[in-house]
Every structure is written in C-alpha cells, then in structure tokens.
Novice: 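Sharing a structure, written as structure tokens. Questions coming.
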Amino acid sequence: MLSLARTESSLTLFGQDSWNVFDLRKLLGVVSNDLMSTCTRDITGIEVVLSGFFSSIGIQTYHHVTPAMLEKARELLDLLEVPHLADAS
C-alpha cells in the first residue's frame, strides 16, 4: 500500500496547519456529487454551483445570492462547457 503522507510533510491553508474539514469546506466552496444523494428536491445546475458559496445542498431561502456570485457561477458553467445545465434539474 502506497502512502502519500510523510512525517516531514506539511501543508498550510489560509494560514492554518490544522482544520476542521467542515470549516475548511466553507472557505473552498466544495460541491460534491456525494452530497447530492441526500437532496430531497430537484435542484438546477446553477443552484448546484451557487451552493458552493454557502456550503449547502442547493440554495435555501435564507441564502443571499449576490449578482457577483451569480456571474461567477455562470462563468464556471461556461468554463466547464456546460452552460446548458444552468436551468436543468
């Protein structure tokens, strides 16, 4: 078994050496397909991308999506060459 971890290795993210993964996830905006398996409603492609800003599964009524967030989400869909999925659920 190959181990990538080395005792002499270190990694600092946002000035910290150690993180609670849920706190770090909020800063990285991770969107995971595994999270979608727990979703109980249809979510559009743009909502999936926007949910990365909130570390959530979809957009909730208490989330405030700014025009800048929406623009960035659309840019990402374009970058991934899937803008047609923005309104698909």
Side-chain angles (χ1 to χ4, degrees):
M1 176 184 219
L2 175 65
S3 174
L4 298 177
R6 303 277 190 257
T7 56
E8 67 277 5
S9 297
S10 69
L11 177 66
T12 301
L13 295 171
F14 304 108
Q16 286 186 224
D17 297 326
S18 180
W19 281 92
N20 173 312
V21 70
F22 293 103
D23 293 335
L24 182 60
R25 192 177 82 178
K26 291 176 187 177
L27 295 172
L28 297 177
V30 174
V31 177
S32 167
N33 189 51
D34 293 336
L35 293 173
M36 293 310 296
S37 66
T38 64
C39 187
T40 58
R41 66 179 175 90
D42 288 337
I43 297 176
T44 64
I46 197 74
E47 284 182 289
V48 170
V49 177
L50 286 168
S51 68
F53 285 106
F54 303 101
S55 188
S56 65
I57 300 172
I59 299 301
Q60 306 301 319
T61 56
Y62 54 85
H63 290 146
H64 175 69
V65 176
T66 66
M69 289 175 178
L70 189 57
E71 181 181 346
K72 189 54 110 175
R74 291 198 183 280
E75 286 175 8
L76 183 57
L77 288 172
D78 287 341
L79 177 69
L80 297 174
E81 299 180 2
V82 292
H84 59 282
L85 297 179
D87 297 321
S89 56

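Quantities reported herein were computed from a predicted structural model and do not represent experimental measurements.
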Novice: Nearest heavy-atom pair of H63 and G58: which atoms, and what distance?
Specialist: CE1-O, 3.9 Å

Novice: Supply the atom-to-atom distance I59 CD1 to T44 OG1, rounded to the nearest 0.5 angstrom.
Specialist: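 Nearest 0.5 Å value for the CD1-OG1 distance: 8.5 Å.
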
Novice: Taking distance alone, no hydrogens or angles, what donor-acceptor pairs closer than 3.5 Å link side-chain atoms of residues 70-89 to residues at least two apart or in another chain?
Specialist:
none

Novice: Name all residues meeting the side chain to side chain contact (heavy atoms under 4.5 Å, CB included) criterion together with T66; count only those two or more places apart in sequence or in a different chain, and write none if there are none.
Specialist: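 Per chain and number, T66 pairs via side chain to side chain contact (heavy atoms under 4.5 Å, CB included) with H64, A68, M69.
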
Novice: Only pairs at least two apart or in different chains count here, so list each side chain to side chain donor-acceptor pair (under 3.5 Å) that has a residue in residues 12-23.
Specialist: T12-D17

Novice: According to a hydrophobic-cluster definition based on side-chain heavy atoms being under 4.5 Å apart (Ile, Leu, Val, Met, Phe, Trp, Tyr only), do F54 and Y62 belong together?
Specialist: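 They do not share one cluster, since no chain of ILVMFWY contacts under 4.5 Å joins F54 to Y62.
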
Novice: Under the salt bridge (Lys or Arg N to Asp or Glu O under 4.0 Å) definition, can you give me all pairs with a residue in residues 44-63, not counting sequence neighbours?
Specialist: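 Listed by first then second residue: R41-E47.
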
